[in-house]
Amino acid sequence: MTGFKSDFLRTLSERGFIHQMSDETGLDDLLRTETVTAYIGYDPTASSLHVGHLMQIMMLHWFQATGHRPISLMGGGTGMVGDPSFKEEARKLMTVEMIEDNIASIKRSFANYIDYDKGPLGGGLMINNAEWLRPLNYLEFLRDVGRHFSVNRMLSFDSVKTRLDREQSLSFLEFNYMILQAYDFVELARRYDCRLQMGGSDQWGNIINGIDLGHRMDTPQLYALTSPLLTTASGAKMGKTASGAVWLDADLLSVYDFWQYWRNTEDADVERFLKLFTTLPLDEVARLSALGGSEINEAKKVLATEVTAILHGRKAAEDAAETARRAFEEGALAQGLPTVNVPAGELEAGLGLLAAFVTAGLCASNGEARRQVKGGGLRVNDVVVQDEKRVLGTADLVEDGVIKLSLGKKKHVLLKTA
RNA sequence: GGAGGAGUGCCCGAGUGGUUAAAGGGGACGGACUGUAAAUCCGUUGGCUUUGCCUACGUUGGUUCGAAUCCAACCUCCUCCA
């Protein structure tokens, strides 16, 4: 099915990672004959990456697994500018400390996918583009790099064209963003002999800019590879839920919730996700994807456990699976559900039901909790709540000393006294 | 610098003095049906100490018994001209 000779491209192609490439044969030959270095850039705007980044992370993972050296490039320099594409939001300028903290915390997640200590060429690298971007001198930069960019050509890029067609403002800052990213590629080529940049399909134009700049600044031939924009079968963006992004960091999203996210995959997405987000062999993927009807639930459990195992470890993933099995299939009170502590005194004094659900993080406000009661969406210890004025007390504690609060059928929190 | 246009709830978008917490749609959440899926149907969708009160239609003032709606200034964005 694929004509690629290199392990890396064959794997990516078989598993559905490839959207667009520059010079397929050239890159294929390079990967087959040399140990190559490639990078993907990430902006450290939060202390954790989320599921939307996962496909790119998996590409780096496969890159290393097939005998090459991946670089995860943190946008410590570009992060100082702030991403202009969300211009509605009050753009907090991030301090250097925040950026460094975020990078450190992101690295913990990355370390589950990429080995930074061992591997071809001494293992993967995590590099911060602040290294070379922060010391830049504006005039020198314009003369050395800026002169290679033609505004005419930049205006012809799709990413820009749609903006102009929609009559939305395109700030000068955004032009600089493209240029900085192009410059990153050249710097990485010079410093680390990095030859390939990967990214989402929206990054194509930026990556191509880097390749062009490389030509003009005499780097070796550079290459681009982009992945398709990932949406669920019903068209939603990946990684968004009611409670926000599906974070990779266990501090921001419990292992159990992460597992649940994958467990709730739509039928039509199962095969695709197994290929993209697990390392299961393709014949196993084919077997699981062939399951029909309700049997496909088995495939979803495997998907959830495998994806979770890579990130949080096999043991934690299996615990999450077991917690889910008990909670859903036996209706039992399962340990391992997310737990929220309340002071013992508060419960003895009587804790208002609405407040309890807000404290547990299941409802955003008392008003929302009230509405959910009307809609029959709240349960205490698996009993549907009828009365919004109900007060929880120590009598509601079940054998393990917890109260189980549920919103809908899937979201459960254990309330524990502390 | 000049002329015109626009800023509404999570998003899009109606509304041009009085049952307007603001039509409609999307999204989201809950319920029903299922398989912890999709599709479909129903409900909900500012906050609170909820027969009531408070906060909301770019910002700040003003007119009025009463304003998202009228007036003024300011801010932001867009279009055309220079």
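In what follows, every chain begins at residue 1, and chains take the letters A, B, ... in the order their sequences are listed.
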Just to be sure I understand the rule, does Ile296(A) reach a base, reach only the sugar-phosphate, or reach nothing, if contact means heavy atoms closer than 4.0 Å? base
How close or far is atom P of rU34(B) from atom CZ of Phe328(A), stated in whole angstroms? 18 Å
Using the C1' atoms only, state how far rG58(B) lies from rU76(B), rounded to an integer number of Å. 8 Å
Rounded to whole angstrom, note down the P distance from rG9(B) over to rC54(B). 22 Å
CZ-CG distance between Phe185(A) and Asn209(A), expressed to the nearest 0.5 angstrom: 11.5 Å
Report the C-alpha distance between Ser294(A) and Asn297(A) in whole Å, list the side-chain angles of each, state the deciding distance to 0.1 Å, and finish with yes or no for side-chain hydrogen bond (donor to acceptor under 3.5 Å, both in side chains). CA-CA 6 Å; Ser294(A) 61; Asn297(A) 281 322; 5.5 Å; no
Rounded to whole angstrom, note down the C1' distance from rU8(B) over to rC57(B). 4 Å
For rA38(B), take OP1 and OP2 only and decide whether either is under 4.0 Å from a side-chain N or O of Lys300(A). no
Within the structure, does a side-chain N or O atom of Lys411(A) lie under 4.0 Å from either OP1 or OP2 of rC29(B)? no
Residue matched to rC33(B) through Watson-Crick or wobble contacts both under 3.5 angstrom: none
When rounded to the nearest Å, what value does the distance between C1' atoms of rG62(B) and rU69(B) take? 15 Å
rA32(B) and rC53(B): how far apart are their P atoms, nearest whole angstrom? 36 Å
Return the nucleotide paired to rG24(B): Watson-Crick means purine N1 to pyrimidine N3 with N6-O4 or O6-N4, wobble means G-U with N1-O2 and O6-N3, both under 3.5 Å. rC12(B)
Partner nucleotide of rC53(B) by Watson-Crick or wobble geometry (both distances under 3.5 Å): rG47(B)
C1' gap between rC12(B) and rG1(B), integer Å: 35 Å
Expected output: side-chain Gln64(A) to main-chain Asp115(A) donor-acceptor under 3.5 Å: yes
Please give the nucleotide sitting opposite rA6(B) as a Watson-Crick or G-U wobble pair, both distances under 3.5 Å, or none. rU76(B)
Using a 4.0 Å heavy-atom cut-off, does Glu295(A) contact any base of the nucleic acid, only the sugar-phosphate backbone, or nothing at all? nothing
With both distances under 3.5 angstrom, what nucleotide forms a Watson-Crick or G-U wobble pair with rU19(B)? none
Does Ser365(A) make a side-chain N or O approach to OP1 or OP2 of rG47(B) shorter than 4.0 Å? yes
Does Ser294(A) make a side-chain N or O approach to OP1 or OP2 of rU34(B) shorter than 4.0 Å? no
Whole-Å distance, Arg325(A) CZ to rG35(B) C1', equals 17 Å
C1'-based separation of rU49(B) from rG31(B) [nearest Å]: 29 Å
Rounded to whole Å, please give me the gap between CG in Leu378(A) and C1' in rU44(B). 12 Å
I need the CZ-C1' distance between Arg370(A) and rC29(B), as an integer number of Å. 17 Å
RNA chain B: 5'-proximal contact among Gly408(A) and Asn297(A) (nearest heavy atom): Gly408(A)
Applying a 4.0 Å non-hydrogen cut-off, can you work out what Asn264(A) is touching in the nucleic acid: base, sugar-phosphate, or nothing? base
Ignoring backbone atoms, test whether Lys374(A) places a side-chain nitrogen or oxygen under 4.0 Å from the OP1 or OP2 oxygen of rU50(B). no
Could you state the interatomic distance from CG (Asp23(A)) to CG (Leu225(A)), rounded to the nearest 0.5 Å? 12.0 Å
Assert: residue with more 5' nearest nucleotide on RNA chain B, out of Leu354(A) and Trp259(A), is Trp259(A)
Given the P atoms of rU63(B) and rA72(B), what is the spacing between them in whole Å? 15 Å
Please confirm whether the backbone N or O of Asp251(A) pairs with a side-chain atom of Asp249(A), one donor and one acceptor, at under 3.5 Å? yes
Are any side-chain N or O atoms of His412(A) and backbone N or O atoms of Lys409(A), one a donor and one an acceptor, separated by less than 3.5 Å? yes
Tell me: CD of Glu368(A) to C1' of rA21(B), nearest whole Å? 17 Å
Value rounded to 0.5 Å, distance of CD1 in Ile114(A) from CD1 in Ile40(A): 8.0 Å
Nucleotide rC53(B), atom P - distance to CG of Asn366(A) in whole Å: 20 Å
Using whole Å, what does the distance between atom C1' of nucleotide rA38(B) and atom CZ of Phe273(A) come to? 13 Å
What does rA67(B) pair with, Watson-Crick or G-U, if both distances are under 3.5 Å? none
Does a nitrogen or oxygen in the side chain of Arg371(A) sit under 4.0 Å from OP1 or OP2 of rG47(B)? yes
Nearest whole Å is fine: how far is rU44(B) C1' from Leu362(A) CG? 17 Å
